[in-house]
Each structure stands twice: as structure tokens, then as C-alpha cells.
2 protein chains.
Amino acid sequence: MVKRFSAKRNMIREALLELDHPTASDVYDYIRKEYPNISLGTVYRNLSEMAEDGEILRLSMSNSPDRFDFNTEDHYHVVCTECGHILDTGEGLDAKLLSDLDRAVEASTGLFVKSRYLLFYGICRECMKKDSGKE
Amino acid sequence: MVKRFSAKRNMIREALLELDHPTASDVYDYIRKEYPNISLGTVYRNLSEMAEDGEILRLSMSNSPDRFDFNTEDHYHVVCTECGHILDTGEGLDAKLLSDLDRAVEASTGLFVKSRYLLFYGICRECMKKDSGKE
DNA sequence: ATCCTTAATAGTAATCATTATCGTTATTGT
DNA sequence: ACAATAACGATAATGATTACTATTAAGGAT
């Protein structure tokens with residue numbers, strides 16, 4: 001199936017650059033401000049295809065809609081449990097640590113590790129400041 | 001809200017012991033074989049409450065329904081991308097490796113890590129044997 | 001520049017997982 | 001036994017996502 005040029009797909013790319021780990025509906029809302037005639041289905045279809053093609057990443061968070069990331073470099077995500085903000089780890093998350101972890105998992109399970117999905121939860125800097133006053 | 005005895009909840013506990021990381025509907029089907037009058041809503045409600053209470057774990061896999069784990073010990077999960085089988089890591093997944101990883105993430109993001117969700121993908125032993133014949 | 005094939009779209013229906021509602025049932029303390 | 005209300009079954013509702021269908025529009029061939 002040969003890919004054709006699509007203005008909508010480019011708008012979606014632009015939205016991904018502009019927004020921070022947006023959901024499909026974030027992207028939809030963003031584009032709709034300028035071009036109210038885009039369809040939510042189009043957003044979902046394009047995001048899914050782009051993720052399928054490896055052009056973007058799909059992040060599945062528990063209990064909330066999937067999010068998408070234009071950054072396909074090897075990196076991971078952290079979620080602030082206070083404000084919900086999602087941050088990227090720098091892409092050089094110590095490769096040795098990760099491969100040691102893979103080896104440990106392999107030793108423990110017998111499964112040959114091909115990839116991993118890591119998500120960290122905690123308190124971000126901003127919320128730490130905000131919270132230090134109260135409690 | 002004081003918890004009362006519930007025969008259905010005990011059936012759900014039993015199903016969790018019997019089945020391997022089941023979804024809510026796996027549990028429902030399992031119990032229904034013996035007690036066809038159980039309601040799917042009851043299964044969902046109990047599983048959610050038990051997970052909320054920390055009696056069991058809720059695992060959210062991407063693109064598939066949540067799964068539940070009676071084992072609340074500190075451990076992680078690996079998924080075989082061939083057969084879909086979910087395996088537990090032994091619970092002693094080198095605490096030092098994990099805390100080193102936390103520190104690396106903290107250094108990279110500024111977020112103070114409180115917990116993590118780790119999922120590994122790969123090929124399990126059985127599928128490795130099966131596959132070694134072909135290709 | 002026009003024609004053809006079919007990718008892409010808008011609009012909407014359908015599906016899937018999950019939660020909420022509500023009238024009834026059943027546990028447990030009095 | 002009785003009253004208060006947790007738990008239940010049945011089913012409606014919600015939210016996220018995918019599927020369907022008729023229409024539009026890339027872009028290569030004529």
C-alpha cells in the first residue's frame with residue numbers, strides 16, 4: 001500500500017511536535033482549532049499507522065488513553081503522580097544498566113528479552129516544590 | 001465501608017489461584033462453568049476493589065484487557081511475543097540493579113521515583129524450541 | 001490537461017473493556 | 001427476628017478505539 005501525501009497527516013505530525021505526549025483526542029482538539037473539519041477517526045487512523053510504521057511511539061498508560069511520542073530514540077517515560085505530567089528520560093539511560101537488567105530477567109524467567117516497556121512513577125520537581133509548603 | 005464475607009469474592013480468589021494472570025473475563029468464564037449465575041459486573045467490581053485494597057495486582061498490558069495477579073510480592077512480568085504467555089520474574093530481581101536504575105532515571109528527569117512498572121517482551125523457552133526448527 | 005486507480009477522509013456505526021445504576025438479596029451486628 | 005447496608009445480577013452507560021461506507025483527492029499513466 002503506497003503512502004500518498006496527506007495534508008492531515010502533516011497536521012498531525014505538527015501537533016505531535018507542538019504537544020507533549022498527547023492523546024489522540026488532544027491531537028484532534030489541537031488541529032480542530034484551525035481546521036474544524038478534521039475527523040477523529042482520521043487522527044486515530046494516522047496515529048496508529050505512524051506507530052505501526054515506527055515513525056512515532058505509542059505509549060499505553062494504565063487507566064488512561066494511549067499517548068503518542070514523536071521521539072523514537074531509545075528512551076523511557078516517567079509520570080508525576082501529582083500533576084500527571086509525563087517526562088522523557090534522556091536517551092542515554094545507561095545501556096549497561098539496562099542490559100544487566102535484561103540478563104537478570106532472562107536468568108529469572110528463561111525468556112529471551114527483545115524489548116522492554118519501562119514506566120516510572122514519582123514526584124516531579126515542580127510538584128516537590130509546591131508540596132514542600134503543606135502537609 | 002466494612003467488608004463482609006462474600007462467596008463470590010472467594011470464588012474469584014480461587015480463580016486467581018487457578019488461572020495464570022487472567023483477565024476479568026477469564027475469571028468470569030472460569031467461575032461460570034460451575035456457577036452460571038455470577039455476573040460479569042461482580043467480577044469486575046471485586047477485582048477492582050481487591051486491587052485497590054492491595055490484595056492483588058492489576059497489570060495493564062497494551063492493547064489488551066487488564067490482567068490480575070494474586071502474587072503481590074515485588075516482581076515483574078515478561079510477555080512472550082509468540083504465544084502471549086505471561087511469566088513472573090523471581091521476586092528477587094536484584095534490588096541493587098533496580099535502585100541504580102531509579103537513580104539513573106532521577107538524574108535524567110529530576111523526578112523522584114516512587115514506583116515503576118516494568119514489562120519485558122521476548123521469546124519464551126517453549127517458543128524458542130518450537131521456532132528453532134523452521135525459518 | 002484529463003483519466004484511472006485507489007489511498008485518504010469525514011461521518012458515523014460498531015466494538016471492546018470497563019464502570020455506573022438500581023432494584024433485590026444476603027451478611028452481620030443488635 | 002430485625003434493621004442497616006454490603007454485595008449482587010442485570011443491564012445501561014461511558015470512554016477509547018476500530019470498522020464501515022460513500023466521497024474526495026493524490027499522483028502515475030495517457
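All chains are named by letter (A, B, ...) in the order of the sequence lines, taking the proteins before the strands, and each is independently numbered beginning at 1.
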Looking at B/L111 and A/C124, what are the two nearest heavy atoms and their distance? CD1-N, 3.9 Å

Considering only heavy atoms, which members of residues 29-39 of chain A lie under 4.0 Å from some atom of DNA chain C? A/N37, A/I38, A/S39

In this structure, are over 12 heavy atoms from other groups packed under 6.0 Å from B/R125 atom CZ? no

Can you pull out the residues from residues 7-19 of chain A that lie within a 4.0 Å heavy-atom distance of DNA chain D? none

Output for pair (A/I86 CD1, B/T109 OG1), nearest 0.5 Å, gives 13.0 Å

Check: B/R45/B/T42 side-chain N/O donor and acceptor closer than 3.5 Å: yes

Side chains of residues 21-28 of chain B: which donor-acceptor partners sit under 3.5 Å, not counting sequence neighbours?
| from | atom 1 | to | atom 2 | distance (Å) |
| --- | --- | --- | --- | --- |
| B/H21 | NE2 | B/D69 | OD2 | 3.3 |
| B/H21 | NE2 | B/H77 | NE2 | 3.4 |
| B/H21 | NE2 | B/D88 | OD1 | 2.7 |
| B/T23 | OG1 | B/S25 | N | 3.4 |
| B/T23 | OG1 | B/D26 | N | 3.0 |
| B/T23 | OG1 | B/D26 | OD1 | 3.4 |
| B/T23 | OG1 | B/D26 | OD2 | 3.2 |
| B/D26 | OD2 | B/T23 | N | 2.9 |
| B/Y28 | OH | B/R32 | NH1 | 3.3 |

From OG (A/S62) to OH (A/Y121), nearest 0.5 Å: 4.5 Å

Which distance, rounded to the nearest 0.5 Å, do you find between the OG1 of B/T72 and the CE of B/M50? 11.0 Å

I need the CD-P distance between B/E49 and D/dA7, as an integer number of Å. 6 Å

In whole Å, I'd like the distance from the CZ atom of B/F5 to the P atom of D/dA7. 12 Å

On DNA chain C, which is the earliest and which the latest nucleotide, 5' to 3', with an atom closer than 4.0 Å to a heavy atom of chain B? C/dA17 to C/dT28

Considering just the side-chain nitrogens and oxygens of B/S6, establish if one lies under 4.0 Å of OP1 or OP2 belonging to D/dA7. no

Ignoring hydrogens and angles, tell me if any N or O in the side chain of A/E106 forms a donor-acceptor pair with the backbone of A/V113 under 3.5 Å. yes

Is a donor on one side and an acceptor on the other found under 3.5 Å between the side chain of A/S48 and the backbone of A/Y44? yes

With rounding to the nearest 0.5 Å, note down the distance linking OG1 in B/T89 to OH in B/Y76. 7.5 Å

Would you check if the side chain of B/R9 reaches a backbone N or O of B/L47 as a donor-acceptor pair within less than 3.5 Å? no

Spell out protein contact along nucleotides 17-25 of chain D as letters: B when the base is contacted, S when just the sugar-phosphate is, - when no protein heavy atom is under 4.0 Å; keep the 5' to 3' order. BB------B

Terminal axes of the helix from C/dA1-D/dT30 to C/dT30-D/dA1 (5 end pairs apiece), angle rounded to 10 degrees, sit apart by 30°

Does this structure show an ion pair linking A/E55 with A/R13, if we count only N-O contacts that are shorter than 4.0 Å? yes

Once rounded to the nearest 0.5 Å, what's the spacing between atom SG of A/C80 and atom CD of A/E126? 8.5 Å

Before you tell me yes or no, could you show the steps for B/K33 and B/D29 under salt bridge (Lys or Arg N to Asp or Glu O under 4.0 Å), namely the whole-Å CA-CA distance, both residues' side-chain angles and the distance that decides it to 0.1 Å? CA-CA 6 Å; B/K33 276 187 221 141; B/D29 292 341; over 6 Å; no

Verify, without hydrogens or angle tests, whether B/Y117 (side chain) and B/S60 (backbone) share a donor-acceptor contact under 3.5 angstrom. yes

